[in-house]
**Student:** 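Below: one structure in structure tokens.
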Amino acid sequence: MEVSIKNLTKSYSNKLVLDIDQLTMEKGKITGIIGPNGSGKSTLLNIVAGLDKEFLGIVEYDKQLITREIYKEMTLVTQKPYLFRRKVYENIEYPLKVRKVKKAEMKRKVKDIIERFEIGELKDKKANLLSGGESQKVSLARALVFEPRLLLLDEPTSNIDPESIKIMEREILKFNREIKGTVLIVTHNIEQSKRLCDNIVYLEEGKVGF
Ligand SMILES: Nc1ncnc2c1ncn2[C@@H]1O[C@H](COP(=O)(O)OP(=O)(O)OP(=O)(O)O)[C@@H](O)[C@H]1O
Ligand SMILES: [Mg+2]
């Protein structure tokens, strides 16, 4: 879905950390968000994800303000992903469970995504015992399994080995091309943004630059 931002400002105590007059992220495209540490990238993603409501301005999704339905159609993979202290496959099936997907279909989807991510050997492991990179991989699999309309990724491959980066990038592209899912991805990796992104937004001190 299209994400459109108007007159967005966000402050922590007295410090203005986001100040965006107008920004539209196109439907069905992969938009990269780049910029130095502390420039407001994660803050912006949290606001778009509907998790941070303490801001001024307007964020619209396909020209509509956020609703419960819209909220259910998007997901954020954070820099330090949060997984339940359950088995990996239980974590991955969770978004399907809460959306009341039928058992057989749920099983098929979970199996399919585990195969595509090549994480079969992790599926019975307790998620709290995973390494940082393994957690990031499982979190992306959990985000993609329910085919959201909007996928928000905050440095999803920052701890990942080159082979796994290839798999994750392949799956992000596949999601975008096949399901026409919209993606916003924060990355410090310029090469990655060239490989994945249709458009790039540059943030500096909370402002959009070009
Ligand atoms: N909970 C908070 N309380 C106060 N200040 C915060 C809080 N979270 C973030 N900030 C400040 O807001 C600014 C933007 O932070 P943000 O995490 O969005 O940056 P970022 O662009 O994601 O950086 P990085 O590349 O390091 O992840 C920073 O100056 C940061 O110190
Ligand atoms: Mg950040």
Side-chain angles (χ1 to χ4, degrees), residues 1 3 30 41-43 45-53 61 66-187 192 196:
M1 53 191 154
V3 179
I30 303 183
K41 304 180 298 299
S42 296
T43 307
L45 234 53
N46 274 299
I47 289 174
V48 172
L51 300 173
D52 180 351
K53 297 184 182 73
Y61 308 81
I66 195 161
T67 59
R68 279 177 71 88
E69 282 62 42
I70 291 170
Y71 183 75
K72 268 166 66 182
E73 287 172 338
M74 59 185 174
T75 191
L76 168 67
V77 178
T78 57
Q79 275 175 288
K80 288 193 189 134
Y82 173 77
L83 296 165
F84 303 122
R85 298 166 73 90
R86 295 269 183 89
K87 287 181 180 173
V88 164
Y89 80 82
E90 290 177 275
N91 273 275
I92 294 176
E93 75 180 4
Y94 180 75
L96 299 171
K97 252 190 178 158
V98 295
R99 288 171 181 81
K100 305 206 173 4
V101 173
K102 293 208 179 73
K103 260 222 165 106
E105 190 186 347
M106 184 158 78
K107 240 182 154 172
R108 180 178 58 73
K109 286 193 163 168
V110 171
K111 184 168 173 276
D112 180 52
I113 204 103
I114 286 175
E115 273 168 20
R116 273 160 41 198
F117 274 78
E118 301 175 23
I119 51 175
E121 76 283 3
L122 300 179
K123 77 178 195 314
D124 293 314
K125 249 193 157 178
K126 282 274 174 67
N128 50 306
L129 304 178
L130 299 178
S131 73
E134 287 170 342
S135 307
Q136 279 192 315
K137 256 198 278 186
V138 169
S139 300
L140 182 62
R142 180 178 63 176
L144 287 176
V145 76
F146 77 97
E147 302 180 352
R149 286 175 63 209
L150 177 62
L151 176 65
L152 306 166
L153 303 173
D154 198 351
E155 300 186 40
T157 60
S158 53
N159 294 307
I160 304 287
D161 67 71
E163 264 317 297
S164 301
I165 288 183
K166 272 193 197 157
I167 294 172
M168 291 171 76
E169 289 185 354
R170 181 189 72 203
E171 292 305 320
I172 293 167
L173 282 170
K174 191 176 148 92
F175 164 75
N176 174 250
R177 302 281 139 82
E178 292 181 6
I179 307 167
K180 306 278 174 256
T182 307
V183 183
L184 308 189
I185 177 170
V186 172
T187 178
Q192 177 170 66
L196 295 181

**Student:** From Lys41 NZ over to Leu184 CG, what is the distance, rounded to the nearest 0.5 angstrom?
**Tutor:**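 Answer for the NZ-CG pair, Lys41 versus Leu184, is 14.0 Å.
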
**Student:** Do you know which of Tyr89, Phe84, Phe146 makes ring-ring contact (aromatic ring centres under 6.0 Å, His included) with Tyr94?
**Tutor:**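 So the option named by the test is Phe84.
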
**Student:** Go through Ile70 and Met1 one step at a time and tell me if the side chain to side chain contact (heavy atoms under 4.5 Å, CB included) criterion holds.
**Tutor:** CA-CA 9 Å; Ile70 291 170; Met1 53 191 154; 3.8 Å; yes

**Student:** Counting heavy atoms not belonging to Arg170, are there more than 12 under 6.0 Å from its CZ?
**Tutor:**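 Enclosed.
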
**Student:** Quick check: does any side chain N or O of Tyr61 sit under 3.5 Å from a backbone N or O of Val48, one acting as donor and the other as acceptor?
**Tutor:**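 Pair found, side chain donor or acceptor close to backbone of Val48.
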
**Student:** Compare every heavy atom of Ala141 with every heavy atom of Ile113, then report the nearest pair and how far apart it is.
**Tutor:**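 Minimum heavy-atom separation between Ile113 and Ala141: CG1-O, 3.9 Å.
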
**Student:** Begin with the C-alpha distance, continue with both residues' side-chain angles, and end with the deciding distance and a verdict on side chain to side chain contact (heavy atoms under 4.5 Å, CB included) for Glu134 and Val88.
**Tutor:** CA-CA 10 Å; Glu134 287 170 342; Val88 164; over 6 Å; no

**Student:** Is any side-chain heavy atom of Ile92 closer than 4.5 Å to a side-chain heavy atom of Ile119?
**Tutor:**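 Yes. Closest side-chain heavy atoms under 4.5 Å.
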
**Student:** Just wondering, do Ile66 and Met74 contact through their side chains at under 4.5 Å, heavy atoms?
**Tutor:**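 Yes, at least one pair of side-chain atoms sits under 4.5 Å.
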
**Student:** Find out whether Val145 and Pro95 are in side-chain contact, i.e. whether some heavy atom of one side chain is under 4.5 Å from a heavy atom of the other.
**Tutor:**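 Yes. Closest side-chain heavy atoms under 4.5 Å.
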
**Student:** Just to verify, which of Leu153, Leu152, Asp154 counts as forming a side-chain contact (heavy atoms from CB on, under 4.5 Å) with Val186?
**Tutor:**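 The option that passes is Asp154.
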
**Student:** With side chains defined as the heavy atoms from C-beta onward, is the minimum distance between Leu173 and Leu196 less than 4.5 Å?
**Tutor:**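 Side-chain contact under 4.5 Å: yes.
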
**Student:** State, yes or no, whether a side-chain contact exists between Arg116 and Lys174 at a heavy-atom distance under 4.5 Å.
**Tutor:**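 Of all side-chain heavy-atom pairs linking Lys174 with Arg116, at least one is under 4.5 Å.
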
**Student:** Quick one: does Glu163's side chain get under 4.5 Å of Lys166's, heavy atoms only?
**Tutor:**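 Sidechains of Lys166 and Glu163: in contact.
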
**Student:** Would you mind reporting whether Leu144 and Phe117 have side-chain heavy atoms less than 4.5 Å apart?
**Tutor:**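 They are in contact (side-chain heavy atoms under 4.5 Å apart), so the answer is yes.
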
**Student:** Have Thr157 and Glu169 got a donor and an acceptor in their side chains that come within less than 3.5 Å?
**Tutor:**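 Thr157 vs Glu169: no donor-acceptor pair found between side chains.
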
**Student:** Quick one: does Thr75's side chain get under 4.5 Å of Leu151's, heavy atoms only?
**Tutor:**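 Contact flag for Thr75/Leu151 side chains = yes.
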
